[in-house]
Amino acid sequence: MQWFEHLSRLTEQKVPLVLVTLLSVRGHAPREAGAKMLVTAEASYGTIGGGNLEATATALARRMLAEGGSLELHTLRLTEKAPAEHGVQCCGGEVEVLLEVVNPLRPTVALFGVGHVGWALAKVLSILPIELWLVDSRAEMVAEERMKPLYQNQARIRVFQAPILDGVVGDLPSGGHLVVMTHDHAEDLFVLEAALRRGDLGFIGLIGSAVKWRNFQQKLLQQGFSQADLARVTCPIGLPLTQSKAPEAIAIATAAQLLPLLVGPKTQRPEREQRR
């Protein structure tokens with residue numbers, strides 16, 4: 001089976017992996033430039049030449065998977081004087097190895113409330129490769145015709161018309177993010193309570209003013225939540241990019257706030273490491 005067939009199977013199974021490519025070869029090496037292999041936490045597929053070269057690349061790839069790396073570039077020498085933790089290779093050449101993390105697990109964002117702001121935020125987020133859950137207790141807000149434009153973009157859309165919203169909170173995957181913006185402050189508080197009872201969620205955002213949040217904090221403290229619990233909530237939502245309260249402006253500011261959590265923070269150029 002070719003490496004790309006393995007890649008198709010592993011991504012379908014949502015297995016995180018590192019794609020290892022011999023980017024360039026100078027002198028003699030076991031494989032030619034362009035050779036590839038895939039490395040998961042438990043297995044590898046294909047070969048870039050075996051020996052210390054391949055074992056070193058495999059170890060580097062698994063370190064990236066464990067530590068959350070994304071892209072690295074390493075120069076490895078194949079001489080008797082080069083570091084050889086996994087056996088000596090004396091082909092005499094030098095190779096550049098590119099390691100790219102491929103993580104098919106999409107982050108999840110759930111919007112509780114698909115009114116004016118929720119709909120605007122859904123339109124912005126739907127262009128990203130994420131799982132986007134749209135939840136509303138009002139059937140007309142999540143009607144098929146209203147949702148149809150969102151299916152044309154990258155996001156995988158899931159729609160919930162749920163009179164009791166806490167059940168959807170319970171179904172969110174670990175690490176999922178949610179933004180609470182229903183039409184009813186009682187619903188907002190209900191969803192927020194359900195979210196705070198889970199300790200494994202990511203971003204928890206609540207639309208509203210500082211006054212609304214103070215009122216909610218008092219009620220949540222009365223329900224037995226701690227100050228540490230309340231610190232997990234972001235309210236008001238959105239980066240302070242503008243004073244506009246237009247739904248589109250709030251949506252863009254909130255999407256910008258979520259962006260580093262969904263596609264990763266800004267990174268440097270690929271790390272280059274010389275091994276002689």
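The first residue in the sequence is number 1, and the count goes up from there. Worth knowing before you read on, the calculation uses all heavy atoms, side chains too, and leaves out hydrogens, waters and symmetry mates.
Taking CG of Leu259 as the reference point, atom CG of Leu128 lies at 6.5 Å (rounded to 0.5 Å). Here OG1 of Thr108 is found 9.5 Å from CZ of Arg156. Values are rounded to the nearest 0.5 Å.
Put simply, the side chain of Gln227 reaches to within 4.5 Å of the side chain of Leu221, judged on heavy atoms.
Few gaps surround NE2 on His183; more than 12 heavy atoms of other groups in view lie less than 6.0 Å from it. The environment of Glu32 atom CD is dense: over 12 non-hydrogen atoms of other residues, nucleotides or ligands sit within 6.0 angstrom. In this structure, Gln13 places its CD atom where more than 12 heavy-atom neighbours from other residues, nucleotides or ligands lie under 6.0 Å away. For Glu42, the CD atom is loosely surrounded, since the number of other residues' heavy atoms within 6.0 Å does not exceed 12.
The main-chain N or O of Ala246 is found under 3.5 Å from a side-chain atom of Ser244 such that the two form a donor-acceptor pair. A distance-only check finds a donor-acceptor pair linking the side chain of Glu5 to the backbone of Gln2 [under 3.5 Å]. Here the side chain of Ser226 pairs a donor or acceptor atom with the backbone of Asp229 at under 3.5 angstrom. Of the possible polar contacts, one joining the Thr11 side chain to the Leu7 backbone as a donor-acceptor pair under 3.5 Å is found.
In this structure, a donor-acceptor pair under 3.5 Å is present between the side chains of Ser137 and Glu187.
Closest non-hydrogen pair, Pro247 versus Ala120, comes out as O-CB, 3.8 Å. Ile127 and Val124 get closest at one heavy-atom pair: CG1-O, 3.0 Å. In this structure, Ala195 and Arg232 approach most closely via the heavy-atom pair O-NH2, 3.9 Å. The nearest pair of heavy atoms linking Phe203 to His177 is N-ND1, 2.9 Å. Pairing each heavy atom of Leu172 with each of Arg198, the nearest pair is O-NH1, 2.7 Å.
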### Task
Evaluate the side chain to side chain contact (heavy atoms under 4.5 Å, CB included) criterion for residues Glu131 and Trp133: first the C-alpha distance (whole Å), next the side-chain angles of each, then the deciding distance (0.1 Å), finally the verdict.
CA-CA 7 Å; Glu131 300 277 346; Trp133 294 20; 4.3 Å; yes
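Comment: Lys36 does not engage Glu100 in a salt bridge, judged by the lack of any side-chain N to carboxylate O separation of less than 4.0 angstrom.
Between Phe216 and His185, the angle of the ring planes goes over 60°, which puts this pair in the perpendicular group of the 30/60° scheme.
The ring of Trp3 has its center no closer than 6.0 angstrom to the ring center of Tyr45.
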